[in-house]
Amino acid sequence: MKDFLKFTLATVTGIILSSIVLFIIGMVTLFGIVSTSDTETVVKKNSVMMLDLNGTLVERTQESPLGILSELFSDDSNTYGLDDILSSIKKAKENENIKGIYLQASMLGTSYASLQEIRNALLDFKESGKFIIAYGDSYTQGLYYLSSVADKVLLNPKGMIEWRGIASAPLFYKDLLQKLGIEMQIFKVGTYKSAVEPFTSTEMSPANREQVTAFIHSIWGQVTEGVSASRSLPVDSLNAYADRMLMFYPAEESVQCGLADTLIYRNDVRNYLKQWVDLKEDDRLPVLGLNDMINVKKNMPKDKSGNIVAVYYASGEITDYSGSSASEEGIVGTKVIRDLRKLKDNDDVKAVVLRVNSPGGSAFASEQIWHAVKELKTKKPVIVSMGDYAASGGYYISCVADTIVAEPTTLTGSIGIFGMIPNAKELSEKIGLTYDVVKTNKFADFGNIMRPFNEDEKTLMQMMIAQGYDTFVSRCAEGRNMTKEAIEKVAEGRVWTGEAAKELGLVDELGGIDTALEIAVKKAGIEGYTVVSYPAKQDFLSSLLDTKPTNYVEAQILKSKLGEYYQQFGMLKNLTERSMIQARIPFELNIK
């Protein structure tokens, strides 16, 4: 018995000591990776910047333990920050030791507005006289649009170029909900407010089909015109190639049609690049990845004026409060209001660029942020830069700005709101649930999902939605210096591209975040300044302490495995957490 206790104690002690040692080794490894990533990159002569695109694009990345875990466990998913890519391209242009950019196109989860912004940055890069070479085993349509800007487009001999046009194929849940015994009670204003259609219909309404047809043709027009200019191919020919589905033909056909220049295997690309920097085949080619470029210093002296031009990132779904899973990566109204107030009171901040990339969300939170932007505007210029989306609630928080800048392919407008409350009476009966109620007043059990709304409750809900819509239209009219009647003609929940929105007066200028910065500096009347991004990114330790263990499963594994279907999963997961009154575009536009 004594020996048993002795061996048991030794075993337990060994497990504890081993756990402590492994924990220390793990933490040393993590901090080692972090410290290595912060080391300044030294750029050697005849270097090439490599933009290896294989993952998901976001407005900006946040240093996160989840990302470190991905590296440690060899997760192939990558997340790129648009801000990192744009700044890296600019630094590559300015650095005399970098001779060109190599685009390795695999797959990038993003929308055409972000691709257009990167593409414009690459066009600006080419003005330096440096080269861009693109290679793909198989090009997705979006990455081919981006890569077409290159001096040479290389394709694997057994690869393909996806070139087929753009379609929108939304999913509809009405029959599924009906089988489950759930009815969605809808209240809305706006003929084109189609966000509710997946829950009430089995196909697009004529109005929705009209608006979707208009904006996908507008986006496709931008794509074909861009490729046409870069590849010297007529738009008519590009449409003919799309109708042929060249991706099913041998790769040689893509070269003959002018979509690609050379067929080459991936292993031979490095030697091909050496020819462009006048290196011999046996010479070493210095290649800088995106992480290397992030740590390359800018070729400009530090500004000493003390002036700050703030870029405030408002990205994701608009929610009322933090704390729910729906708001972890979105625009939390209470936080944004607090941040904008600090920027207003900071005398060093001379102008603010509000970067909006949002499909909308809570109508209440949108109104609160609108008021905060209006207050900020009384002290300093506010310029909105729209990303992939700035629609419905995203447009609500933008409309009061001094100037609105959007990419031609940005989706914006969608001025309208809706309410959506489930009625689970039939479902509860199917599974044997019943309910009863005792109340003191007529509307005491308002919103009970175990029964449908009565006529009085429907009247109250529709009245509230109509009041919200009238407020939304009034805010837009005030911000855009237009009459309410003029706004109503382009409202009704209709989605517009940035290109169309400029013609309608909903947008002032076409361009990206650099265009917005130029306007902000001009309106502020300053020469020396420093661009500072807000909200400040968390340091590694703070992020580590704030990270929930369960977030790794969702943020890394589910996103990488579900891919394009993750958005539908997130919509179903967060449906009950959304505000009752919404100002947003459809939950999933499904544009491909």
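This is a predicted model, so every value here is computed, not measured.
Between Tyr396 and Phe472, a ring centre-to-centre spacing shorter than 6.0 Å is recorded. Taking the six-membered ring for Trp and the full ring otherwise, the centers of Tyr241 and Trp163 sit at least 6.0 Å from each other.
Taking the side chain as every heavy atom from C-beta outward, Arg119 and Ser148 approach each other to under 4.5 Å. Annotation: side chain of Gln141 is in contact with side chain of Ile166 (closest heavy-atom distance under 4.5 Å). The side-chain heavy atoms of Lys523 and Ile519, taken from C-beta on, include a pair separated by under 4.5 Å. Contact of the Leu82 side chain with the Ile118 side chain is registered, since non-hydrogen atoms from C-beta on lie closer than 4.5 Å. Using a 4.5 Å cut-off on side-chain heavy atoms (C-beta onward), Tyr313 and Ile513 make contact. You'll find the side chain of Thr334 stays beyond 4.5 Å of the side chain of Gln368, heavy atoms only. Residues Tyr395 and Val356 have side chains not in contact (no heavy-atom distance under 4.5 Å, counting atoms from C-beta outward). Inter-residue side-chain proximity for Trp276 and Val48 is flagged as unmet; no heavy-atom pair is nearer than 4.5 Å.
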Could you please spell out the steps behind the side-chain hydrogen bond (donor to acceptor under 3.5 Å, both in side chains) verdict for Glu210 and Tyr192?
CA-CA 9 Å; Glu210 176 192 346; Tyr192 297 91; 3.2 Å; yes

side-chain contact (heavy atoms from CB on, under 4.5 Å) between Arg475 and Glu367, intermediate numbers included
CA-CA 9 Å; Arg475 301 307 187 217; Glu367 166 72 11; 2.8 Å; yes

Derivation of the side-chain hydrogen bond (donor to acceptor under 3.5 Å, both in side chains) call for Ser218 and Glu499:
CA-CA 8 Å; Ser218 177; Glu499 181 182 35; 2.8 Å; yes

For Ile89 and Met49, what are the C-alpha separation, side-chain angles and deciding distance, and is it a side-chain contact (heavy atoms from CB on, under 4.5 Å)?
CA-CA 8 Å; Ile89 292 172; Met49 171 183 161; 4.1 Å; yes

Between Val287 and Tyr102, does a side-chain contact (heavy atoms from CB on, under 4.5 Å) hold up when you go through it step by step?
CA-CA 9 Å; Val287 177; Tyr102 167 51; 5.8 Å; no

Show your reasoning for whether side-chain hydrogen bond (donor to acceptor under 3.5 Å, both in side chains) applies to Lys344 and Thr378.
CA-CA 9 Å; Lys344 176 173 73 76; Thr378 62; 6.0 Å; no

Could you go step by step and tell me if Glu478 and Lys377 meet the salt bridge (charged side-chain N to carboxylate O under 4.0 Å, His left out) rule?
CA-CA 13 Å; Glu478 178 187 344; Lys377 181 183 169 185; over 6 Å; no

For Val149 and Phe125, run side-chain contact (heavy atoms from CB on, under 4.5 Å): C-alpha distance rounded to whole Å, both residues' side-chain angles, the deciding distance at 0.1 Å, then the answer.
CA-CA 11 Å; Val149 74; Phe125 172 85; over 6 Å; no

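A distance-only check finds no donor-acceptor pair linking the side chain of Lys350 to the backbone of Ala310 [under 3.5 Å]. Looking at Lys130, its side chain never comes within 3.5 Å of a backbone N or O of Glu127 through a donor-acceptor pair. Asn357 places a side-chain N or O within 3.5 Å of a backbone atom of Tyr389 that can act as its donor or acceptor partner. No donor-acceptor pair closer than 3.5 Å links the side chain of Ser114 to the backbone N or O of Ser111. Remark: the backbone N or O of Ala207 is not paired with any side-chain donor or acceptor of Gln211 at under 3.5 angstrom. One N or O on the side chain of Ser392 and one on the backbone of Ser414 form a donor-acceptor pair closer than 3.5 Å. Using a distance-only test at 3.5 Å, with no hydrogens or angles considered, no donor-acceptor pair links the side chain of Thr412 to the main chain of Ala391. No side-chain donor-acceptor contact under 3.5 Å links Thr497 to the backbone of Leu411. In this structure, Asp151 contributes its side chain and Ile132 its backbone to a donor-acceptor pair below 3.5 Å. Put simply, the side chain of Arg231 gets close to the backbone of Gly258: a donor and an acceptor are under 3.5 Å apart.
Inspection of the Glu407 and Tyr112 side chains reveals no N or O donor paired with an N or O acceptor under 3.5 Å. For the residue pair Ser533/Asp83, the side-chain donor-acceptor check at 3.5 Å is not satisfied. Remark: the Thr409 side chain and the Gln222 side chain contain no N/O donor-acceptor pair separated by less than 3.5 Å. Between the side chains of Tyr534 and Asp339, no donor N or O sits under 3.5 Å from an acceptor N or O. Neither side chain, Ser315 nor Arg60, offers a donor N or O lying under 3.5 Å from an acceptor on the other.
The shortest non-hydrogen separation linking Ser128 to Lys93 is CB-CG, 3.8 Å. When all heavy atoms of Phe131 and Ile133 are compared, the pair lying nearest together is CD1-CG1, 3.6 Å. Closest non-hydrogen pair, Trp496 versus Gly413, comes out as CD1-CA, 4.3 Å. Residues Ser362 and Asp320 approach most closely at OG-OD1, 2.6 Å, considering heavy atoms. Here the closest non-hydrogen pair linking Lys380 and Val349 is NZ-O, 3.0 Å. Heavy atoms only, all atoms of each residue included: Ser228 and Leu238 are closest at N-CD1, 3.7 Å.
Within a 6.0 Å sphere centred on CG of Asp345, other residues, nucleotides and ligands contribute more than 12 heavy atoms. Atom NZ of Lys126 sits in a crowded spot, with more than 12 heavy atoms from other residues, nucleotides or ligands closer than 6.0 Å.
To the nearest 0.5 Å, atoms CD (Gln582) and NZ (Lys193) are separated by 9.5 Å. Atom OH of Tyr80 and atom CG of Asn78 lie 4.0 Å apart (nearest 0.5 Å). Separating the CG atom in Leu155 from the CG atom in Asp261 is a distance of 10.5 Å, to the nearest 0.5 Å. Residue Ile369 holds its CD1 atom at 5.0 Å from CD1 of Ile318, rounded to the nearest 0.5 Å. In this structure, Leu273 CG and Leu154 CG are separated by 7.5 Å, a value rounded to the nearest 0.5 Å. Taken from CD1 in Ile404 to CG in Asp402, the straight-line distance is 10.0 Å, to the nearest 0.5 Å.
Under the 4.0 Å criterion applied to side-chain N and carboxylate O atoms, Lys90 and Asp514 are assigned as salt-bridge partners. A salt bridge links Arg584 to Glu317: at least one charged side-chain nitrogen sits closer than 4.0 Å to a carboxylate oxygen. Ion pair Asp508/Arg480 flagged as a salt bridge, since at least one NZ, NE, NH1 or NH2 atom sits closer than 4.0 Å to an Asp/Glu carboxylate oxygen.
Under the side chain to side chain contact (heavy atoms under 4.5 Å, CB included) rule, Leu288 has a single partner from Ile101, Asn95, Ile98, which is Ile98.
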